[in-house]
Amino acid sequence: MADSRVASRYVKSLLGLASEQGVLEAVHNDMVLVAKTCRDNFDLLAMLRSPIINHNKKKEILVKIFSGHVHKLTIAIIEIVTRKNRESLLPAIAEEFHNAYNTYKGIQKASITTTFKIDQDIRGQVESIVKEISNRKTIELEEKIDERLIGGFILNVGDKQIDASINNKLKELKLLFSQNPYVKEF
């Protein structure tokens, strides 16, 4: 909880500064890259969390990894975070920045879980449903595949969930049959 509050402070500052300097899109792309890099590399994440490795060494490694690939403002925030000995918060800052960017730009994040990869026609229909639910014009749709659903879909939009999966329908049916008023239980 405390980590997310600290991360959100860095995010607010970075979002405001990037917007003020007119480099919001570049910094957003950088934060997506940082989040993905941290998510995909367990060793990097372990290094960031390690109390044994000096924070100057962590800064040096991070600058080598991202230098030339990200905006100078992103390098500056990495240096500030490591100077404050809070480099373990970098993945959280990157993730939170993406969420703050979406809020700032009015983008609604949604996810759909199906048993198969959806095509463009279905994707368009889902996006129009999400636009209707959220009253937003821009949608960021994440697609997930889960064969345990058997069929149908699960759509998550903000704190709302629409579960139209066959798996859910079978659970509802099982519950309904377990409460059968016509069979006397002994």
Side-chain angles (χ1 to χ4, degrees), residues 1-113 117-118 123 126-127 130-131 133-145 155-161:
M1 180 75 167
D3 287 349
S4 65
R5 275 189 268 172
V6 174
S8 70
R9 289 183 186 139
Y10 283 105
V11 167
K12 285 179 187 174
S13 299
L14 182 59
L15 186 71
L17 195 57
S19 179
E20 183 180 297
Q21 292 182 4
V23 293
L24 184 59
E25 297 300 323
V27 173
H28 173 250
N29 292 336
D30 297 346
M31 287 292 124
V32 169
L33 175 68
V34 169
K36 183 180 181 337
T37 304
C38 291
R39 203 174 30 249
D40 293 347
N41 296 296
F42 178 76
D43 293 336
L44 177 63
L45 205 55
M47 185 267 307
L48 291 174
R49 293 180 179 159
S50 174
I52 298 170
I53 301 171
N54 185 324
H55 66 274
N56 288 327
K57 187 66 175 172
K58 292 178 186 179
K59 179 177 103 174
E60 183 183 316
I61 291 168
L62 288 169
V63 169
K64 274 190 179 180
I65 290 171
F66 295 111
S67 189
H69 301 290
V70 296
H71 192 271
K72 63 182 179 180
L73 186 58
T74 306
I75 293 292
I77 196 73
I78 289 171
E79 289 176 345
I80 290 169
V81 168
T82 54
R83 190 175 333 122
K84 301 273 186 185
N85 203 14
R86 293 196 167 152
E87 51 279 329
S88 64
L89 295 177
L90 195 59
I93 291 169
E95 291 287 339
E96 187 61 34
F97 187 87
H98 179 65
N99 295 335
Y101 172 85
N102 282 350
T103 302
Y104 181 78
K105 290 287 192 172
I107 299 170
Q108 177 63 54
K109 190 172 184 178
S111 70
I112 184 163
T113 306
K117 183 166 174 44
I118 61 174
R123 184 177 178 76
V126 170
E127 286 180 353
V130 172
K131 286 177 185 178
I133 291 172
S134 66
N135 295 325
R136 302 256 178 106
K137 293 182 180 179
T138 310
I139 306 300
E140 180 182 304
L141 185 63
E142 178 185 2
E143 299 174 30
K144 300 175 188 173
I145 296 175
L155 178 63
N156 293 303
V157 181
D159 61 350
K160 296 176 186 156
Q161 179 173 329

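Note that the structure is predicted; figures quoted are calculated from it, not measured.
- S50 contributes no side-chain N or O that, together with a main-chain N or O of A46, makes up a donor-acceptor pair within less than 3.5 Å.
- Using a 4.5 Å heavy-atom threshold, the side chains of V32 and V34 count as separate.
- Under the 3.5 Å distance criterion, the side-chain polar atoms of S8 are matched with a main-chain donor or acceptor of R5.
- At least one side-chain heavy atom of T74 sits less than 4.5 Å from a side-chain heavy atom of H71.
- Judged as a salt bridge (Lys or Arg N to Asp or Glu O under 4.0 Å), the pairs with a partner in residues 27-50 (not counting sequence neighbours) are, in order, K36-D40, R39-E95.
- In this structure, C38 and L48 approach most closely via the heavy-atom pair SG-CD1, 4.0 Å.
- In this structure, CD on E96 lies 10.0 Å from CD1 on I93, to the nearest 0.5 angstrom.
- Sorted by first and then second residue, the salt bridge (Lys or Arg N to Asp or Glu O under 4.0 Å) pairs with a member in residues 74-90 read K58-E87; sequence neighbours excluded.
- Using a 4.5 Å heavy-atom cutoff, the side chains of I139 and I107 are not in contact.
- Side-chain contact between L141 and S111 is absent, with no heavy-atom pair separated by less than 4.5 Å.
- Between the CD atom of Q108 and the NZ atom of K137 there is a distance of 15.0 Å, given to the nearest 0.5 Å.
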Check residues 12-28 and write down every donor-acceptor pair under 3.5 Å in which the side-chain atom is one partner and the other belongs to a residue at least two apart or another chain.
| unit_1 | atom_1 | unit_2 | atom_2 | d |
| --- | --- | --- | --- | --- |
| S13 | OG | R9 | O | 3.2 |
| S19 | OG | Y104 | OH | 3.0 |
| E25 | OE1 | Y101 | OH | 2.6 |
| E25 | OE2 | Y101 | OH | 2.7 |
| E25 | OE2 | K105 | NZ | 3.3 |
| H28 | NE2 | H98 | ND1 | 2.8 |

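- Considering only heavy atoms from C-beta on, L44 comes within 4.5 Å of L62 through its side chain.
- The distance from the CG atom of L89 to the OG1 atom of T82 is 12.0 Å, given to the nearest 0.5 Å.
- For the pair I133/K160, a side-chain contact is recorded, criterion being any heavy-atom separation below 4.5 Å from C-beta on.
- Atoms CD1 and CD1, on I61 and I53 in that order, are 6.0 Å from each other to the nearest 0.5 Å.
- The structure places CD of Q161 at 4.5 Å from CG of N156, a figure rounded to the nearest 0.5 Å.
- Atoms OH and CG, from Y10 and L90 in turn, are 10.5 Å apart once rounded to the nearest 0.5 Å.
- A salt bridge does not link K131 to E127: none of the charged nitrogens lies less than 4.0 Å from a carboxylate oxygen.
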